[in-house]
Enquirer: 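Handing you this structure, nothing more for now.
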Amino acid sequence: MSHSKVRVRFAPSPTGPLHMGGVRTALFNYLFARQHGGDFIIRIEDTDSQRFVPGAEQYIIDSLKWCGIAPNEGLTSDGKVAETIDANNPHAPYRQSQRKAIYRQYAEQLVNVGYAYYAFDSAEELDGLRKQAEEQKENFTYNYAIREKLRNSLNPAISQEEMAQRLKETNNWVVRFKIPENREVKMHDLIRGDISVHTHTLDDKVLWKKADDLPTYHLANIVDDHLMQISHVIRGEEWLPSLPLHYLLYEAFGWQDSQPHFAHLSLLLKPDGKGKLSKRDGDRLGFPVFPLQWTSPEGEVSRGYREDGYFAEAFVNMLALLGWNPGTEQEIFSLEELTRLFSLDRVIKSGAKFNPDKAKWFNQQYMKTKPDSALATLYQPILRQHDINASDDYVARVCGFIKERATFINDFWDLSSYFFVAPTSYDEKAMQKYWKPETPEQMQKLHSLLAGAQLFEKEHLENLVHQWITDSNYNMGAVMNAFRLCIVGASKGPSMFEIITLIGKEETLKRLQASPKGE
RNA sequence: GGUCCGUUCAUCUAAGGGUUAGGAUUCAAGAUUUUCAUUCUUGCCAUAGGGGUUCGAAUCCCCUACGGACUACCA
């Protein structure tokens, strides 16, 4: 297993939107590649035309791009999957449907060396056998135990002539791998250590199908990983049961020396209950499971982290810590830091239940550190939706005040509408608590006081008002909260003097005049 | 059913034979604040069970239980 250079791949199937677990797999591949100065390749495994979903491939690419996970091989300069055969790049194309011509010879090669054979069993026949076995509480395994009794080229009852004719004249035959008899397959996983499986439990998997001239996942995957000189296969745990077959395939081809190292990542689990995280859980519990919003060909819309207001950095940071940690107590990492610190031997073996609360917390952490001007840029489109036209500078100052109160950009309007429009209603609970019979008169006096203020500046006003409250023997909390109610309409927000200096004297006086309950 | 993988607070996890089993999220209480939020302090909460090995086990071994993945001419 010698590779001079680290080369890893992310090999999604365009059968739907990329799930956050898939993003995590891509992320770990990316981090590993970058850390070792290697290549991170994207390859599209679209050998199943039945399950192909239009738009899914572009969705995957867009998602990775949003996350900042950039493949350095497999995409063209304009961000499309490289599909032409390029003399300068022996590894292209990167879409398996366009590599169709490559696979058949490898399937035949295995037949020639006795590691594979032709099979003609119909789907119905096999289904029947499986059902029958199930009824008898037995296991149906298509391998050396029974293969000679089934319809294939290893069955002595089928003549050479008949076989040759079938191969030539019919389309419903496949190439099956011939699982070696009575052997213990010993494997190694970078995360899980040594694993071993006996071949009697393994199926003679279909490698290639004449019906559509296409390989199945197993063949295409091994052939492409070999041809693309992949050094490490980092993929989801759902592939672990196929690992023995993949080992055997490398062996059958005689590629053991260049066989990649394997690392199987644990799954992302539902926040509650049991099982792996699915789209349904997001709908049920109210969080996205996809990086970007996705509209299915049928028009069904699934929410995305981006559209929900998550920062890509926060999303990636959260994902990185699901199943990995650097062993320190640090939790906030940039992609650069992750690249430096990542290591496969600190990847957790057990599945991680996804915690939506923690995801929010990560976003909040990033929110606090974002520059006001950057937040203003994100907030402006939302303001325009509310017919607000405000200068970037003004919006940036508002963002500065509210960002520590918000988790998402989408929270901003609720938290700051009063910076742009006067309150149209007043929070009931706060009214009960702070609006007393003597309040209207106090607000009237405050109005006069502020109207007379020469300098409408924060510190000056603060001194002025505090002095007035003290001199009048008023209760500080009572007056200030009533004041807040007039200006904000609720019991929330930053310092009153910050607010009024920002909205200005005229607006402040207007809102005091229009105080609650028509007083 | 079979095969494989896994199991430390409710959740994410640290502790690679010796710690009062640490941190974070959530929740609760308190402090700060004119309010909300932030921040700070404190609290609640865990080694699945049983056997070994050892002076000593969350850590190594075995069994049990539980969980998960896979079991297609899908990936």
Side-chain angles (χ1 to χ4, degrees), chain A residues 11-15 45-48 50-51 119 121-123 126-127 130 133-134 136-142 172-176 187 189 191-192 195-198 200-203 205-212 214 216-218 220-221 236-244 264 266-267 269 271-272 274-276 318 321-331 345 348-362 364 368 401-406 415 427 430 433-434 465-466 469 475-485 488 490-497:
Chain A
S13 195
T15 54
E45 308 224 327
D46 55 350
T47 51
D48 184 0
Q50 307 283 313
R51 295 209 309 157
D121 316 270
S122 72
L126 293 175
D127 282 348
R130 284 196 187 95
E134 202 178 317
Q136 292 169 6
K137 302 216 171 194
E138 279 170 10
N139 296 308
F140 176 78
T141 311
Y142 197 134
N172 55 8
W173 53 267
V174 297
V175 175
R176 277 187 187 271
M187 300 158 284
D189 182 282
I191 294 170
R192 285 150 210 281
I195 301 169
S196 124
V197 177
H198 197 273
H200 74 79
T201 65
L202 266 24
D203 259 313
K205 287 287 178 198
V206 170
L207 299 179
W208 193 84
K209 306 162 275 178
K210 173 61 184 168
D212 47 13
L214 244 26
T216 62
Y217 169 81
H218 302 291
N221 190 267
E237 191 183 3
E238 67 269 26
W239 294 112
L240 201 48
S242 308
L243 189 58
H264 290 87
S266 65
L267 266 18
L269 272 19
D272 62 340
K274 309 169 186 327
K276 64 174 174 181
M318 176 272 290
L321 255 45
L322 229 38
W324 173 85
N325 73 82
T328 65
E329 282 174 4
Q330 186 181 350
E331 293 198 277
D345 39 61
I348 314 293
K349 292 183 185 135
S350 53
K353 282 192 182 180
F354 172 64
N355 182 348
D357 280 329
K358 188 83 186 239
K360 286 185 187 167
W361 178 81
F362 274 109
Q364 198 184 19
K368 281 195 297 193
F401 290 135
I402 60 166
K403 66 180 177 186
E404 68 187 27
R405 296 170 164 75
L415 291 167
D427 183 78
K433 193 167 175 189
Y434 298 118
V465 173
H466 283 178
I469 291 172
N475 177 289
M476 177 76 82
V479 176
M480 290 306 293
N481 280 300
F483 184 25
R484 179 175 296 277
L485 228 21
V488 176
S491 194
K492 65 178 183 187
S495 152
M496 280 314 296
F497 301 100

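Every value quoted in this text rests on a predicted model; they were computed, and no experiment measured them. Order of the sequence lines fixes the chain letters, A, B, ..., with proteins taken first and strands second; residue numbering starts at 1 for each chain. What's counted below: heavy atoms across the whole structure, side chains too, no hydrogens, waters or symmetry copies.
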Enquirer: Taking only residues two or more places apart in sequence or in another chain, which ones pass salt bridge (charged side-chain N to carboxylate O under 4.0 Å, His left out) with A:Asp272?
Expert: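 Per chain and number, A:Asp272 pairs via salt bridge (charged side-chain N to carboxylate O under 4.0 Å, His left out) with A:Arg284.
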Enquirer: Report yes or no: do A:Tyr142 and A:Asp121 form a side-chain donor-acceptor pair below 3.5 Å?
Expert: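 Their side chains do contain a donor-acceptor pair, which is all the 3.5 Å distance test asks for.
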Enquirer: Across all strands shown, which nucleotide pairs with B:rC27 by Watson-Crick or G-U wobble geometry, both distances under 3.5 Å?
Expert: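 Paired with B:rG43.
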Enquirer: Would you please name every residue forming a salt bridge (charged side-chain N to carboxylate O under 4.0 Å, His left out) with A:Asp203, sequence neighbours left out?
Expert: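 A:Asp203: no salt bridge (charged side-chain N to carboxylate O under 4.0 Å, His left out) contacts found.
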Enquirer: Any chance you could list the contact pattern along nucleotides 25-41 of chain B? Use B for base contacts, S for sugar-phosphate-only contacts and - for none, protein heavy atoms under 4.0 Å, 5' to 3'.
Expert: SS-------BBBBSS--
Enquirer: Counting only Watson-Crick pairs (N1-N3 plus N6-O4 or O6-N4) and G-U wobbles (N1-O2, O6-N3), all under 3.5 Å, who is the partner of B:rC66?
Expert: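 In the structure as shown, B:rC66 has B:rG6 as its Watson-Crick or wobble partner.
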Enquirer: Can you tell me how far C1' in B:rU53 sits from the matching atom in B:rU59, rounded to whole Å?
Expert: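 Pairwise C1' distance, B:rU53 against B:rU59, rounds to 13 Å.
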Enquirer: For B:rA15, which nucleotide is its Watson-Crick or G-U wobble mate, given both distances must be under 3.5 Å?
Expert: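 None - no nucleotide pairs with B:rA15, as no candidate has both distances under 3.5 Å.
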Enquirer: Between A:Gly351 and A:Asn139, which has a closest nucleotide on RNA chain B that is more 5'?
Expert: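 Looking at the nearest nucleotide for each, A:Asn139 comes out on the 5' side.
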Enquirer: With C1' as the reference atom in both, quote the distance from B:rG23 to B:rC61 in angstrom, rounded to an integer.
Expert: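 After rounding to an integer number of Å, I get 31 Å for this pair.
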Enquirer: In B/S/- notation, 5' to 3', how is nucleotides 68-75 of chain B contacted by protein heavy atoms closer than 4.0 Å?
Expert: SSS-SBBB
Enquirer: Sequence neighbours left out, what passes side chain to side chain contact (heavy atoms under 4.5 Å, CB included) with A:Ser13? Give chain and number order.
Expert: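 Here the qualifying residues are A:Thr15.
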Enquirer: Can you tell me, in whole Å, how much space there is between the C1' of B:rU8 and that of B:rG49?
Expert: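 Taking atom C1' in both B:rU8 and B:rG49, they lie 15 Å apart.
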Enquirer: What nucleic acid atoms does A:Ile348 come within less than 4.0 Å of, heavy atoms only: base, sugar-phosphate, or nothing?
Expert: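 Sugar-phosphate only.
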Enquirer: My understanding is that a pair needs two contacts under 3.5 Å, Watson-Crick or G-U wobble. By that rule, which nucleotide pairs with B:rC36?
Expert: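 Across all strands, not a single nucleotide pairs with B:rC36.
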Enquirer: Return the set of residues passing salt bridge (charged side-chain N to carboxylate O under 4.0 Å, His left out) with A:Asp127 (not counting sequence neighbours), or none when no residue passes.
Expert: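 Salt bridge (charged side-chain N to carboxylate O under 4.0 Å, His left out) list for A:Asp127, sorted by chain: A:Arg130.
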Enquirer: Taking the C1' atom of each, how far is B:rG6 from B:rU20, in whole Å?
Expert: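 Between the two C1' atoms, the distance is 30 Å.
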Enquirer: In the strands shown, is B:rG1 matched to any nucleotide by a Watson-Crick or G-U wobble pair with both distances under 3.5 Å, and which?
Expert: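 Answer to the pairing question: B:rU71, which forms a Watson-Crick or G-U pair with B:rG1.
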